[in-house]
Amino acid sequence: MRAVGKLALLSCGMLLWASQPAHAQTYQDRELVQAQILANANAVVPGKPFTVGLLLRMALGWHTYWKFPGDAGIPTEVKWQLPAGWKIGELRWPIPLKLKEPGDIEIYGYHDEVLLTQEITPPLRIAGRSVKLSAEASWLVCEKICIPGGAALQLNLPVAESNAPANTELFARFDRLLPQTLPAANSARWTRAGPNLQLTLTGSNLATGPTIDFFPLPDSKVVAGHPVVESRERGKIVFRVPIETNDAKISSLDGVIVYGGAPDRHAWFISARAREGNSVAPTAPETSAAEILRFLFLGLIGGLILNLMPCVLPVISLKIFGFVQQAGQSRRRILRSGLAFTAGIFAWFIGLAILLIVLKSAGHQITWAFQFTNPYFVLAMSAVVLVFALNLFGVFEIALPQRANSRLLGWSTREGDAGSFFQGVFATILATPCTAPYLGTALGFAFTQSNLLLLLMFVAIAAGMSAPYLLLCAEPRWLRFLPKPGPWMAHVKQLMGFFLFATLIFLLSVLGAERGLEAVVWTSCFLLALSVACWIKGTWITPLAAPRSRVIALVAILLLLGVSTFYFVGAKFGASRVSVSEASNSNGWQSFSPARLESELDQGHAVFIDFTAAWCITCKFNETTVLESDAVRAAFHQRGVVKLRADWTNADPEITKMLKQFGRPGVPLYVLYPAGRTAEPIVFPELLTKSVVLDKLESAAPHVAAQ
């Protein structure tokens, strides 16, 4: 898609009263956009829904954009900050205008003014006599140039037992422009012919006179071209919509049929699932049994290889250490320990699969390793790793009564079934950042399939990862190949503690990328307090300690952990944020944005995008050994390739869309866009080599930059 230059820092204004417009955006002493939040009622009645609208008034000749902007532009966004218990509906978009710009660019947007509405449902009980509802709006306004704008808006309304309509004419005027359901007298049918989709619309009320058009609403996997009327006769119209997509199974689009001319225009919503006018439930892409088995086998092999990854080795070493200790014991005990460890692996993978299925069913964009994009999850994992390491160093031992054997810390160190189970869970959690080279293709396939296949893929990965331990515990005679128990085991145990400290450093570096240096400092303070708590536990809460000493030590631990969690984690860590910097722009790399990509392609540049994350070990390996090597850097420079880095550390939604478009569940992903849009983007393998990068650069970007 072609784009005009458009992304800068949003300017913001503050609206103090709902009836006052926000003078949010000026350019050369001219006000381009006035923004205002309005309601269709003069008061809020508890439990009774009402409608609010973002009213944008544009200067003469300037326009904002529809939810699908077309060849260029950015849709308007509204983000509400509502009190607890309030609910907000989807943004409703009136029929836009189709505007043509130089260079065969078509966009969909609004001139003069537009009202974007949403339904708000207040709770049954509202404290106070009035409410203040806040929202942040952002938009792109264009004429010959495009300028981002934004405003912080407020709506103040009294709370009453009844209300009366307000702003009636304005809301009624824009309500008439909202797309409606396709009338029963009409039917719509989608077909695909090569790079084009065809929409056949039939109905007795389709006269030959009024203007009729189709406005597409493609998802992130599809680039839609300019719809044209292929044929038109009484009662039947055929639209042709050119598309670009990597998914050969896509055969339809959402969209809007716009019927009639101004001022008497109306629109019908067309579903991508329209079949002869009937909406049917979405179905998963059809996949052959052989293809399914192939991807499940890839998942099995990928799970097996995970045991060798640096993220997993510290915990796996603990399990091997346990097998050494169990050598010569009863076969039944060894089998139970191995099965418990395996159960932990399966429990995590199946639980994660179920969570992803729930999110997928709720309409969320699901991705692999999403837990590592949550800084609080990384902080919690840092604490668990530290506790493991301190226990291996002998700072404390846990000897809980049997009834408390299910507690987390007890599970992490006991030699029984509970300890083995938790070690299996812990190993799979730490395996997540290492999955990309071996599981990226298999997981990308699974995320596009049915819920059952998604679950089966995670089961296959769990089976592959647990296979070595199942074999060892099922055939204890193989344990004779392991070293005999002896004093050396104490030294190995401590060595594993150092490996866990290395894992802790890695997790802290992830936190630094997600929340900045300040977050690492406050996390370290919390971990220091946690270490002191473990030391108190190991020193004074022992089987031989006096009851009074145990109680005092327990109170000190709880007080220390409570205060440190509240202050270091809740207050300080929660307030930390990454400051905007140019660190990611070193060595010729520039920050990725969809607008930046379009701008570079419009200028005829070849573009290479590195989709990466701070917690992705494979990404760091590829960057250090390949992308930052002298040969590859020189090749990028000589061929005039623009290098963009898409940092997915915090799960940026724009980057998530791009990953989905290329069928990837997560990072790493490397894409080369040839200069001049002359060919399809080239997708690189997850594990890079210098020869692969140099060969593809030679074929796709042969132009040598002027020296």
Side-chain angles (χ1 to χ4, degrees), residues 1-8 10-11 21-22 24-27 30-36 53-78 90-118 137-151 170 173-179 211-219 223-228 241 253-263 265-267 269-270 593-595 598-599 602 654:
M1 294 171 59
R2 292 166 293 273
V4 261
K6 54 186 183 284
L7 272 183
L10 291 179
S11 58
Q25 187 178 19
T26 59
Y27 174 69
R30 184 185 183 190
E31 190 172 44
L32 300 182
V33 177
Q34 285 188 349
Q36 190 175 3
L54 169 66
L55 178 63
L56 297 180
R57 288 193 170 100
M58 286 75 75
L60 183 64
W62 293 77
H63 59 265
T64 56
Y65 291 89
W66 190 40
K67 59 179 174 179
F68 172 60
D71 292 337
I74 299 176
T76 299
E77 290 188 2
V78 186
E90 291 186 0
L91 199 62
R92 296 183 295 222
W93 300 77
I95 307 169
L97 299 170
K98 182 163 73 172
L99 308 173
K100 293 185 178 292
E101 297 187 346
D104 192 32
I105 292 177
E106 286 187 358
I107 62 170
Y108 302 97
Y110 305 98
H111 277 151
D112 301 327
E113 67 176 4
V114 63
L115 183 69
L116 308 178
T117 59
Q118 292 173 272
S138 60
W139 57 82
L140 184 71
V141 61
C142 299
E143 189 206 29
K144 294 180 180 178
I145 62 172
C146 292
I147 304 175
L170 181 67
R173 175 157 52 93
F174 283 97
D175 281 348
R176 288 193 294 269
L177 293 175
L178 294 176
T211 302
I212 191 167
D213 208 343
F214 175 74
F215 295 175
L217 288 169
D219 61 22
V223 176
H226 302 165
V228 296
V241 186
L253 289 178
D254 285 341
V256 172
I257 294 290
V258 180
Y259 190 66
R265 290 195 309 158
H266 54 276
F269 176 73
I270 300 294
S593 72
E598 294 298 330
S599 175
D602 286 343
E654 292 289 350

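With contacts defined as side-chain heavy-atom distances shorter than 4.5 Å, the pair Trp62/Ile145 qualifies. When side chains are defined from C-beta on, Pro96 does not count as touching Phe68, because their heavy atoms never get closer than 4.5 Å. In this structure, Leu56 and Trp139 have side chains that are in contact, with non-hydrogen atoms separated by less than 4.5 Å. Using a 4.5 Å heavy-atom cutoff, the side chains of Trp93 and Leu116 are in contact. Pro227 places a side-chain heavy atom less than 4.5 Å from the side chain of Val241. In this structure, the side chains of Lys98 and Val258 stay at 4.5 Å or more apart for every pair of heavy atoms.
Atoms CZ and NE2, from Phe214 and His226 in turn, are 13.5 Å apart once rounded to the nearest 0.5 Å. Between the CG atom in Leu217 and the CZ atom in Phe269 there is a gap of 6.5 Å [rounded to 0.5 Å]. With rounding to the nearest 0.5 angstrom, the CG atom of Leu140 is 9.0 Å from the OG1 atom of Thr64. Considering OG1 of Thr76 and CG of Leu91, their distance stands at 8.5 Å, rounded to 0.5 Å. Here Leu97 contributes atom CG and Tyr108 contributes atom OH; the two are 12.0 Å apart, rounded to the nearest 0.5 Å. Separating the CD atom in Glu143 from the NE2 atom in His111 is a distance of 8.5 Å, to the nearest 0.5 Å.
The side chain to side chain donor-acceptor pair (under 3.5 Å) test with Arg57 is passed by exactly one of Glu113, Gln34, Glu31: Glu113.
Closest approach of Ile74 and Pro69 over heavy atoms only: N-CB, 4.1 Å. Of all the heavy atoms in Trp66 and Pro216, the pair that sits closest is CZ3-O, 3.7 Å. Between Ala72 and Ile107, the closest heavy-atom pair is O-CG2, 3.7 Å. Closest of all the heavy-atom pairs between Cys142 and Tyr65 is SG-OH, 3.1 Å. Pro94 approaches Leu178 most closely through the heavy-atom pair N-CD2, 3.8 Å. Nearest heavy-atom pair across Leu54 and Ala35 is CD1-CB, 4.4 Å.
By the salt bridge (charged side-chain N to carboxylate O under 4.0 Å, His left out) test, Asp175 pairs with no residue at all, sequence neighbours left out. Every residue meeting the side-chain hydrogen bond (donor to acceptor under 3.5 Å, both in side chains) condition with Gln118, not counting sequence neighbours, appears here in chain and number order: Trp80.
Aromatic ring orientation, Tyr259 versus His266: perpendicular (interplanar angle above 60°, classes split at 30° and 60°).
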